[in-house]
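Each residue takes its place number in the sequence, starting with 1. Since this is a predicted model, take the numbers as computed values, not measurements.
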Amino acid sequence: MKENRERALIDLLRALDGLYGSNYECKYYPCHFYGQDCTFCYCPFYPCLIYDLGGELILTEDGYVWSCKGCSWIHEKEIAEEVIYRLSGYPKQRLVEEDWFFFSKVLQEILYGEERGVWMNNSYNLMPAMLRDKECEVVEDVEFLAITLEDFEIVDVRRIKGFGDVRDEVVIPLKIGGELYGIDKDGRKVVCKI
């Protein structure tokens with residue numbers, strides 16, 4: 001996984017010099033759709049942990065990974081341009097040194113116009129970003145996910161029922177089928193349709 005982050009940074013630094021466009025010579029082209037922009041072969045926001053883009057958490061033989069199979073967002077030309085525009089305002093060295101939280105904030109600003117994730121104690125709650133503007137129903141009890149990240153890599157995933165159980169993790173809704181289970185911005189336990 002560390003190699004993927006290094007590749008994402010190489011793509012990002014190269015992209016700051018301009019769009020690459022479609023890479024018809026790539027043996028995987030098109031990995032998402034014909035005519036896709038391949039400027040970011042490796043997404044600088046990986047793992048974004050935001051279901052709205054079509055990704056999801058999956059369990060593999062090697063542990064949990066964020067699957068981007070259902071996400072083609074970074075390969076839209078207009079999005080690649082916006083990402084370059086936003087990130088070109090930072091010194092390259094800062095982009096190399098920044099952590100996952102910095103990139104998550106930039107991503108949320110692009111997606112939602114503002115950072116919607118909130119810090120709670122020592123953990124980062126992404127549920128307000130994903131549950132806002134969705135059709136939700138208040139329920140009595142839910143479980144959601146606490147994810148431990150190290151250097152942009154998912155090292156642990158736990159199901160939890162409350163924020164008292166969270167310790168230096170990223171908190172996201174639990175996705176089951178077409179529903180998200182979590183706690184909304186008002187602190188209510190909810191199940192929301194995707």
Out of curiosity, [X] [atom1] to [Y] [atom2], how far, rounded to the nearest 0.5 Å?
| X | Y | atom1 | atom2 | answer |
| --- | --- | --- | --- | --- |
| Phe45 | Leu111 | CZ | CG | 8.5 Å |
| Leu57 | Ser67 | CG | OG | 9.5 Å |
| Arg7 | Cys43 | CZ | SG | 13.0 Å |

Surrounding [atom1] of [X] (heavy atoms of other residues, nucleotides or ligands, distance under 6.0 Å), is the total greater than 12?
| X | atom1 | value |
| --- | --- | --- |
| Glu82 | CD | yes |
| Asn121 | CG | no |
| Glu114 | CD | yes |

Inset, instruction - Would you please name every residue forming a side-chain contact (heavy atoms from CB on, under 4.5 Å) with Ile194, sequence neighbours left out? - result: Lys175, Leu180
Legend entry - Polar side chain donor-acceptor pair, Asp156 to Tyr64, under 3.5 angstrom: no
Inset, instruction - Write out all pairs satisfying ring pair (Phe, Tyr, Trp, His ring centres under 6.0 Å) with one or both partners inside residues 165-194, taking only residues at least two apart or from two chains. - result: none
Inset, instruction - Please report the closest heavy-atom contact between Ile50 and Leu126, naming both atoms and the distance. - result: CG1-CD1, 4.4 Å
Inset, instruction - Look at the rings of Phe163 and Phe144 and say which category their plane angle falls in: under 30° parallel, 30 to 60° tilted, over 60° perpendicular. - result: tilted
Inset, instruction - Take the angle between the ring planes of Tyr90 and Phe102 and call it parallel below 30°, perpendicular above 60°, tilted in between. - result: perpendicular
Legend entry - Salt-bridge present (Arg132, Asp186; N to O < 4.0 Å): no
Inset, instruction - Look at Arg116 together with Asp133 and state whether they make a salt bridge at an N to O cut-off of under 4.0 Å. - result: yes
Checking [X] side chain against [Y] main chain: does a donor-acceptor pair fall under 3.5 Å?
| X | Y | value |
| --- | --- | --- |
| Tyr51 | Pro173 | yes |
| Arg5 | Pro44 | yes |
| Gln108 | Gly113 | no |
| Trp66 | Ile58 | no |
| Thr60 | Gly63 | yes |
| Glu109 | Leu107 | no |
| Ser123 | Val170 | no |
| Ser104 | Trp100 | no |
| Tyr46 | Phe152 | no |
| Asp151 | Glu153 | no |

Legend entry - Min side-chain heavy-atom separation Val190-Val142 under 4.5 Å: no
